[in-house]
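Accompanying notes for the structure given below.
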Amino acid sequence: MKTTMTWVALAASAALAQSQTTETPATAGKTGTDKTNEAECAECVDMPPYVGSAAFEKMKALVGKWSATSEEMGEMNTEFRVIAGGAVIEERFAAGTPMEMLSLYHDVDGKLTMTHYCVMRNQPRMNLVKSTGDSLTFDLAPTPGLDPQKDTHMHGATYTFIDADHFKLEGVAWKDGKESPCGPPVVYTRQ
């Protein structure tokens, strides 16, 4: 009942905002929903900036486009960007190719976590297990639908911050319940 009342209150609020929205040159010709979304976005602008854990803030240093070369995979590209009001870092690897993968980083109870949407068709969750002045290391956390004893999956990763324009990525893969080759560490250069 409480959930229904919350949705009813949100719908009523949206309807009220739509009816009270004044037409301006920026909103002329837009639907009521578009105007309501603009009003809601104005509220977001007033939100204080998100400040995450020290590890989250360190990870934000990677925002931008990066490239690397690997003997096994050739030319590789990845891009990091901040989304969701500053509370999530998105990493998109090999965008637009059959190898495209996505990783999302965000804090849970003040600790950095990662979900990796893998080309292996699973979504391992990882927790930060070690943070030093120049590196962040993630290791597998319980993941619904993933059996680490049977499923081939990404089991961990270490990001080493070399300088403002270079970082090294070392991945850890598992197959049949034990570590398997994941390729050598790769050094990325900022574009």
Tell me which donor-acceptor pairs under 3.5 Å the side chains of residues 48-66 have, and how far apart each pair is, sequence neighbours excluded?
from	atom 1	to	atom 2	distance (Å)
Y50	OH	D107	OD2	3.3
S53	OG	F56	N	3.1
S53	OG	D107	OD1	2.9
S53	OG	D107	OD2	3.4
E57	OE1	K60	NZ	3.1
E57	OE2	G52	N	2.8
K58	NZ	T132	O	3.2
K58	NZ	G133	O	2.6
W66	NE1	L62	O	2.7

Report the residues that fulfil salt bridge (Lys or Arg N to Asp or Glu O under 4.0 Å) with D165, sequence neighbours left out, ordered by chain and then residue number. R190

Take L128 and T113, measure what side-chain contact (heavy atoms from CB on, under 4.5 Å) needs, and give me the verdict at the end. CA-CA 6 Å; L128 183 70; T113 65; over 6 Å; no

Do L112 and Y105 have side chains that approach each other closer than 4.5 Å (heavy atoms only, starting at C-beta)? yes

Let's go through T115 and Q123 carefully: what are the C-alpha distance in whole Å and the side-chain angles of both, what is the deciding distance for side-chain hydrogen bond (donor to acceptor under 3.5 Å, both in side chains) to 0.1 Å, and is it a yes or a no? CA-CA 6 Å; T115 302; Q123 303 79 37; over 6 Å; no

With no hydrogens and no angle check, is any side-chain donor or acceptor of N122 less than 3.5 Å from a backbone partner on T152? yes

Within this structure, what is the NE2-CE distance for the pair H153 and M126, rounded to the nearest 0.5 Å? 8.0 Å

Going by side-chain contact (heavy atoms from CB on, under 4.5 Å), name the residues that satisfy it together with M73, two or more places apart in sequence or in a different chain. S70, M76, F93, M99

Please, which pairs that meet side chain to side chain donor-acceptor pair (under 3.5 Å) have at least one residue in residues 74-83, sequence neighbours excluded? T69-E75, T78-E91, R81-E90

Shortest non-hydrogen contact from H106 toward A87: CB-O, 3.6 Å

Value for CE (M154) from SG (C118), rounded to nearest 0.5 Å, stands at 7.5 Å

Those residues at least two apart in sequence (or on a different chain) that pass side chain to side chain donor-acceptor pair (under 3.5 Å) with T137 are T158

Does the T143 side chain pair with the main chain of R125, one donor and one acceptor, at a distance under 3.5 Å? yes

How would you list, by chain and number, every residue that makes a side chain to side chain donor-acceptor pair (under 3.5 Å) with E72, sequence neighbours excluded? none

Please name all residues satisfying side chain to side chain donor-acceptor pair (under 3.5 Å) with D147, sequence neighbours left out, ordered by chain then number. none

Can you give the donor-acceptor pairs under 3.5 Å from side chains of residues 171-187 to other protein atoms, not counting sequence neighbours?
none

How would you list, by chain and number, every residue that makes a side chain to side chain donor-acceptor pair (under 3.5 Å) with T160, sequence neighbours excluded? none

Check ring-ring contact (aromatic ring centres under 6.0 Å, His included) between Y159 and all other residues, then give those that pass, not counting sequence neighbours. F167

Just so I know, are the side chains of E100 and V119 near enough to count as touching, which here means a heavy-atom distance under 4.5 Å? no

Linked hydrophobic residues, V88 as query - side chain contacts closer than 4.5 Å: I83, L102, L104, Y117

Starting from L140 and following side-chain heavy-atom contacts under 4.5 Å between hydrophobic residues (I, L, V, M, F, W, Y), which residues can be reached? L146

